[in-house]
Amino acid sequence: MKVNELTGHEVHDLLAKKEIRAIEVTEAVLGRIDGVEEKINAYVTVRREEALREAEEIDSKIQQGEMSSPMMGIPIAIKDNICTRGVKTTCSSKILYNFQPPYDATVVAKLRKVGAILIGKTNMDEFAMGSSTENSAFGTTHNPWNLSAVPGGSSGGSAAAVAAGETILALGSDTGGSIRQPAGFCGVVGMKPTYGLVSRYGLVAFASSLDQIGPITRDVRDTAILMNLICGHDPKDSTSLNVPVPDYTQALVNDIKGMKIGIPKEYFGEGIDLEVRRTIEKAIEVLKQLGANIKETSLPYTEYVVAIYYLIATAEASSNLARYDGVQYGYRTQGTNGKRQSAMVKMYEDSREECFGDEVKRRIMLGTYGLSAGYYDAYYLKAQKVRTLICDDFAQAFKDFHCLLTPTSPTPAFRIGEKIDDPLKMYLSDIFTISANLAGLPAISIPCGFTKEGLPVGMQLMAKPLDEEMLLMVAYTFEQNTDHHLKKPALM
Ligand code: GLN
């Protein structure tokens with residue numbers, strides 16, 4: 001197998017045995033980027049020279065006998081809404097086209113400290129708003145399994161880069177499914193941790209009560225390894241949980257006998273693609289064979305999740321995005337007119353008008369409306385109340401089950417352009433991933449099969465807060481007994 005197609009732990013083993021050098025790994029990844037990036041467009045920025053230089057430094061440390069972390073010398077791609085000191089962080093928005101953060105996000109600082117190689121910043125839907133990576137100011141990312149299909153979103157660049165061999169690992173962010181849905185569409189593993197488990201310091205805010213950073217990888221072991229590094233309390237994030245972080249690799253046990261897994265019936269109703277349904281049913285059979293005790297259950301508030309999410313997420317977004325005024329960051333309008341007194345306000349307005357894409361504007365308007373005097377109680381407040389009921393649904397289900405299993409998305413990757421003019425259709429593609437964010441739960445998507453056309457299908461597992469280990473155990477067991485995660489796109 002080619003070096004750029006290995007998992008992080010495989011690369012680590014070779015580095016530790018000195019059978020390969022970090023520079024060769026980085027070169028292999030950069031070579032692949034040169035070969036396929038024109039077709040995929042997974043990256044906004046590639047740190048070619050810097051990555052090679054850092055790999056050389058790592059090699060000399062390894063030569064001197066230092067191998068202190070499983071992440072040392074491993075190339076990783078970072079979603080472009082995670083701040084990287086001195087490296088452009090655009091959120092795929094024109095308004096931040098030249099923004100170079102003066103600091104690293106906590107996750108990035110942790111990665112740098114252990115010697116991971118930051119290969120580049122990945123493409124995404126503008127400000128993480130979208131499900132297809134079509135809402136990027138820097139062009140659409142293409143799905144490596146079918147170039148005319150979307151990679152999912154908003155972390156589409158990260159998922160496509162992992163699937164196409166353009167990195168070894170990646171980080172994404174997930175507000176309503178943005179790690180899991182693209183991971184599902186691209187046939188890779190993606191995990192959204194419990195809210196508060198990974199620091200959000202340096203993650204450009206979209207909807208602060210929902211946002212989480214998490215891994216996108218080729219197998220479950222790499223997700224566990226990356227979780228070990230990125231989780232943990234951070235005083236710089238006021239919502240960061242102060243809880244001990246276990247060694248997640250300890251959860252990688254190939255045994256789920258007697259495990260109780262619930263299948264929420266609401267996730268198999270109207271709108272689900274037949275092939276997705278059949279693929280998930282087959283995966284359920286595999287888990288049953290492996291000794292899991294699988295039963296149907298119910299999450300009655302599921303029908304409200306899309307409506308609730310798009311009220312809460314847009315409300316938070318409208319206030320978070322108020323800071324982009326043409327003064328503090330990035331782009332400022334060139335034109336000035338009007339009287340001197342109003343020129344400043346006009347400058348704010350023009351900068352925002354010229355730079356935000358349609359979807360971002362739509363969300364700012366929706367969110368502002370939902371929060372406005374007279375509508376606040378009817379929309380935002382009511383949405384918060386229903387959010388509590390959704391949390392209660394899950395608390396009830398977790399009395400009977402160790403975890404819940406659903407499709408990650410109702411359909412496989414759709415075609416580029418298919419939903420872009422119909423926001424409601426686009427929003428519905430998040431229907432299975434949103435609840436985990438509203439309830440703050442950990443959730444993972446793993447590859448569980450393919451459609452006849454050869455598109456990957458993702459299976460989602462959700463567990464109670466801070467039970468990431470349960471998800472990793474079930475996901476690992478499934479993976480060890482199947483081979484879907486080993487297939488590679490032909491990239492035609
Ligand atoms: N697709 C969802 C949205 O558009 C989720 C995005 C995300 O998780 N960042 O809001």
Using ring centroids (six-membered ring only for Trp), state whether [Y] and [X] fall under 6.0 Å.
| X | Y | value |
| --- | --- | --- |
| Tyr201 | Tyr103 | yes |
| Phe127 | Phe206 | no |
| Phe185 | Phe414 | yes |

Is the count of non-hydrogen atoms from other residues, nucleotides or ligands lying under 6.0 Å from [X] atom [atom1] greater than 12?
| X | atom1 | result |
| --- | --- | --- |
| Lys488 | NZ | yes |
| Glu38 | CD | no |
| Glu66 | CD | yes |
| Asp358 | CG | no |
| Lys282 | NZ | no |

Counting only N and O atoms by type, is there a donor-acceptor contact under 3.5 Å from the side chain of [X] to the main-chain atoms of [Y]?
| X | Y | answer |
| --- | --- | --- |
| Ser136 | Thr140 | no |
| Ser178 | Thr175 | no |
| Asp59 | Ala22 | yes |
| Gln63 | Ser60 | no |
| Asp125 | Asn135 | yes |
| Thr141 | Thr133 | no |
| Thr408 | Gly458 | yes |
| Glu37 | Tyr43 | yes |
| His142 | Leu147 | yes |
| Asp80 | Thr90 | yes |

Does the distance from a Lys or Arg side-chain N to an Asp or Glu carboxylate O, for [X] and [Y], drop under 4.0 Å?
| X | Y | answer |
| --- | --- | --- |
| Arg277 | Glu281 | yes |
| Lys419 | Asp422 | no |
| Arg53 | Glu50 | no |
| Asp483 | Lys487 | yes |
| Arg278 | Glu275 | no |

Within the 4.5 Å heavy-atom criterion, are [X] and [Y] side-chain neighbours or not?
| X | Y | value |
| --- | --- | --- |
| Ser435 | Tyr267 | yes |
| Phe394 | Lys464 | no |
| Glu479 | Asp219 | yes |
| Gln480 | Asn254 | yes |

Nearest 0.5 Å, what's the [atom1]-[atom2] distance between [X] and [Y]?
| X | Y | atom1 | atom2 | result |
| --- | --- | --- | --- | --- |
| Leu171 | Ile230 | CG | CD1 | 5.5 Å |
| Leu321 | Thr314 | CG | OG1 | 11.5 Å |
| Phe398 | Leu441 | CZ | CG | 5.5 Å |
| Met473 | Leu252 | CE | CG | 9.0 Å |
| Leu210 | Glu316 | CG | CD | 5.5 Å |
| Phe356 | Lys94 | CZ | NZ | 12.0 Å |

Determine the minimum heavy-atom distance between [X] and [Y], stating which atoms define it.
| X | Y | answer |
| --- | --- | --- |
| Ile216 | Ala159 | CG2-CA, 3.9 Å |
| Pro75 | Val29 | CG-CG2, 4.1 Å |
| Ile168 | Val3 | CD1-O, 3.7 Å |
| Pro182 | Gly153 | CD-O, 3.5 Å |
| Ser209 | Ile312 | OG-CG2, 4.2 Å |
| Arg32 | Ala164 | NE-O, 2.7 Å |

Worksheet item: What residue among Val107, Thr106, Ile78 forms side chain to side chain contact (heavy atoms under 4.5 Å, CB included) with Ile213?
Response: Val107
Worksheet, complete the sentence: Sorted by chain and residue number, the salt bridge (Lys or Arg N to Asp or Glu O under 4.0 Å) partners of Glu359 (sequence neighbours excluded) come out as Arg362, Arg363
Practice prompt. Might you work through the salt bridge (Lys or Arg N to Asp or Glu O under 4.0 Å) test for Arg218 and Glu5, ending with a clear yes or no?
Written response: CA-CA 9 Å; Arg218 297 202 175 109; Glu5 291 181 353; over 6 Å; no
Discussion item. Ring of Phe99, cation from Lys88 - is the NZ or CZ under 6.0 Å from the centre and inside 45° of the axis?
Written reply: no
[Y] versus [X], side-chain donor and acceptor atoms under 3.5 Å:
| X | Y | value |
| --- | --- | --- |
| Asp467 | His402 | no |
| Lys79 | Ser158 | no |
| Asp430 | Tyr310 | yes |

Practice prompt. Begin with the C-alpha distance, continue with both residues' side-chain angles, and end with the deciding distance and a verdict on side chain to side chain contact (heavy atoms under 4.5 Å, CB included) for Ser445 and Met459.
Written response: CA-CA 5 Å; Ser445 175; Met459 168 166 83; over 6 Å; no
Fill in: Trace of the side chain to side chain contact (heavy atoms under 4.5 Å, CB included) decision for Leu14 with Leu6
CA-CA 10 Å; Leu14 294 175; Leu6 298 173; 3.7 Å; yes
Item to complete: Just jot down the side-chain contact (heavy atoms from CB on, under 4.5 Å) partners of Pro193, sequence neighbours excluded, or say none.
Response: Leu197, Val198, Gln212, Met227, Glu468
Worksheet item: Considering the options Lys192, Arg200, Arg180, which one meets the salt bridge (Lys or Arg N to Asp or Glu O under 4.0 Å) requirement together with Asp174?
Response: Arg180
Fill in: Stepwise side chain to side chain contact (heavy atoms under 4.5 Å, CB included) test for Ile33 and Ile119
CA-CA 10 Å; Ile33 292 175; Ile119 279 291; 3.8 Å; yes
Worksheet item: Only one of Thr7, Asp222, Thr167, Thr223 forms a side-chain hydrogen bond (donor to acceptor under 3.5 Å, both in side chains) with Thr217, so which one is it?
Response: Thr223
Worksheet item: Can you list every pair that meets ring-ring contact (aromatic ring centres under 6.0 Å, His included) and has a residue in residues 447-466, with sequence neighbours left out?
Response: Trp145-Phe450
Discussion item. Evaluate Val243 against His233 for side chain to side chain contact (heavy atoms under 4.5 Å, CB included), listing each step before the verdict.
Written reply: CA-CA 7 Å; Val243 292; His233 181 243; over 6 Å; no
